[in-house]
Amino acid sequence: MFDIVVKGGILPDGRQTDIGIRGGRIAAVERLPEAVEAGEVIDATGDLVSPPFVDPHFHLDATLSYGIPRINASGTLLEGIALWGELKKVMTFEEVRDRALAYCDWAASMGLLAIRSHVDTCDDRLLGVRALLEVREKVKDYIDLQLVAFPQDGVFRDPAAWDNTLRALDLGVEVVGGIPHFERTMEEGARSVRALCELAAERGLMVDMHCDETDDPLSRHIETLAFETQRLGLQGRVAGSHLTSMHSMDNYYVSKLLPLMAEAQVSAIPNPLINIVLQGRHDTYPRRRGLTRVKEMQAHGIRVGWGQDCVRDPWYSLGTADMLDVAFMGLHVAQMTHPEEMRRCFDMVTTENAAIMGLAGYGLEVGCVASLVVLDAGDPVEAIRLRPDRLAVIAKGKVISRKARNDARLALPGRPGTARRRHRA
């Protein structure tokens, strides 16, 4: 007897199979009898059944705040940071909590069931930290929320940031963050990387730094991050987010940098929707688009995952909590158009991101946590092309979202009465 059986779905690797769920875990991945006993049977015949989507880089404390107290008129990263400073002064605990919970509702409906959110620690009240700790507890039965202590204004640039970051970690925030390129000097930036990595090593924590989110090719803090990772034995526990300066770096220097990152097992998290919007704002033409060197990093064995970063906040006015939007944009800007590359883009919002976050029990094998998504698509590439409806979302053994298949109804002489955009060559 199963709690739920998902019948006839197509897994990302192309297998067509049934999935039996019992006690919040996957108990069977095989063809099951038609008359199988189950509390509920979900017909996924011909539909893609995927592990849940994962976002390793987001800002829940700022989400859904677009227009408060004003909009980002220049569209630049720096005005967004300044605007966030204004917002921090007027926002309340309840507003941060309620906006974050509303976004988690969106995420649940889209099958986005694991999120790593940076939370600003440059606030003596630690208002955002306290709000997101409450949100983490409220959503734990369906979303795995991982929090990063993020000194947005610079851990040394802001005189209270170091102590506040320690306080946030003491309260239960589980990842150490930083923003070395925003410190006052390159030297201070390197010192911040060293100090924050030492802090993570002392506490046995992971590291995820906003690193070199700039068009300046001389911003090379990722080199320091790779060095400190290796020096402190943090291999496999460190990620560099954004890394946009790499798109402007000299090719010879990059030929040295990539092997260092690979050797240190530092992961990379580009955020294509945001990077291409914020970067290159000082350029005329040709205008740089800001995405880091994704394919080159992957060729060196560096783990790369796509992040969403922002939805309706001081830095980005759009967004829907759909990680397939992120994969779709990343595919285009990174020119990952070979079928194998497109499939890899799907992995970059599922399995690769899960590995970056260190999620336990993730996947579609027997014994894994019973969290999955049924999509109105036939394979991962079609899912990226269509960004389709999520027909069912199961989180930790419970169905938390459903959506009816919604084919278009046509009234065209001599043509079928409905149209679907699914297409298999």
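Just so you know, residue 1 is the first one in the sequence shown, and it goes up from there. Given the structure is predicted, the values throughout are model-derived calculations rather than measurements.
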Report yes if some heavy atom in the side chain of D124 is under 4.5 Å from a heavy atom in the side chain of N164; otherwise report no. yes
Is there any ring-ring contact (aromatic ring centres under 6.0 Å, His included) pair reaching into residues 357-398, and which pairs are they, with sequence neighbours excluded? none
Are E382 and R422 close enough for a salt bridge, meaning some N to O gap below 4.0 Å? yes
Salt bridge (Lys or Arg N to Asp or Glu O under 4.0 Å) contacts in which one or both residues fall within residues 4-14, not counting sequence neighbours: K7-D18, K7-E34, D13-R15
Inter- and intrachain pairs under ring-ring contact (aromatic ring centres under 6.0 Å, His included), touching residues 107-133, at least two apart: H57-H118, H59-H118, H118-F150, H118-H210
Determine whether R390 and S401 satisfy the following criterion, side-chain hydrogen bond (donor to acceptor under 3.5 Å, both in side chains), listing intermediate values before the conclusion. CA-CA 8 Å; R390 279 57 164 175; S401 180; over 6 Å; no
Got a sec, which pairs hit salt bridge (Lys or Arg N to Asp or Glu O under 4.0 Å) with one end in residues 75-84, sequence neighbours left out? R70-E79
Using side chain to side chain contact (heavy atoms under 4.5 Å, CB included) as the criterion, list what pairs up with R421, not counting sequence neighbours. L386
Residues forming a side chain to side chain donor-acceptor pair (under 3.5 Å) with R184, sequence neighbours excluded: none
Cationic N near anionic O, under 4.0 Å, E137 to K140: yes
Partners of N271 by side chain to side chain donor-acceptor pair (under 3.5 Å), sequence neighbours excluded? H242
Which residues share a side chain to side chain contact (heavy atoms under 4.5 Å, CB included) with S255, sequence neighbours left out: Y252
Could R97 and E94 be called an ion pair, given the rule that one side-chain N must be under 4.0 Å from one carboxylate O? no
Using distance only, find each side-chain donor-acceptor pair of residues 101-110 under 3.5 Å and give its atom names and separation, not counting sequence neighbours.
residue: Y103; atom: OH; partner: Q308; partner atom: NE2; Å: 2.9
residue: S109; atom: OG; partner: W106; partner atom: O; Å: 2.7

Sub-3.5 Å donor-acceptor pair from the side chain of R116 to the main-chain atoms of V148, do we have one? no
Pairs in or reaching into residues 348-358: which pass side-chain hydrogen bond (donor to acceptor under 3.5 Å, both in side chains), with residues at least two apart or in two chains? R303-E352
Mind checking side chain to side chain contact (heavy atoms under 4.5 Å, CB included) for F227 and listing every partner two or more places apart, or none if nothing turns up? R231
Applying side chain to side chain contact (heavy atoms under 4.5 Å, CB included) to I71 and not counting sequence neighbours gives Y66
Considering only NZ, NE, NH1 and NH2 on the basic side and carboxylate oxygens on the acidic side, decide whether D389 and K403 come within less than 4.0 Å. yes
Is the closest side-chain heavy-atom distance between H247 and N275 below 4.5 Å? no
Return yes if some donor-acceptor pair links the side-chain N/O of T292 with the main-chain N/O of L243 below 3.5 Å, else return no. yes
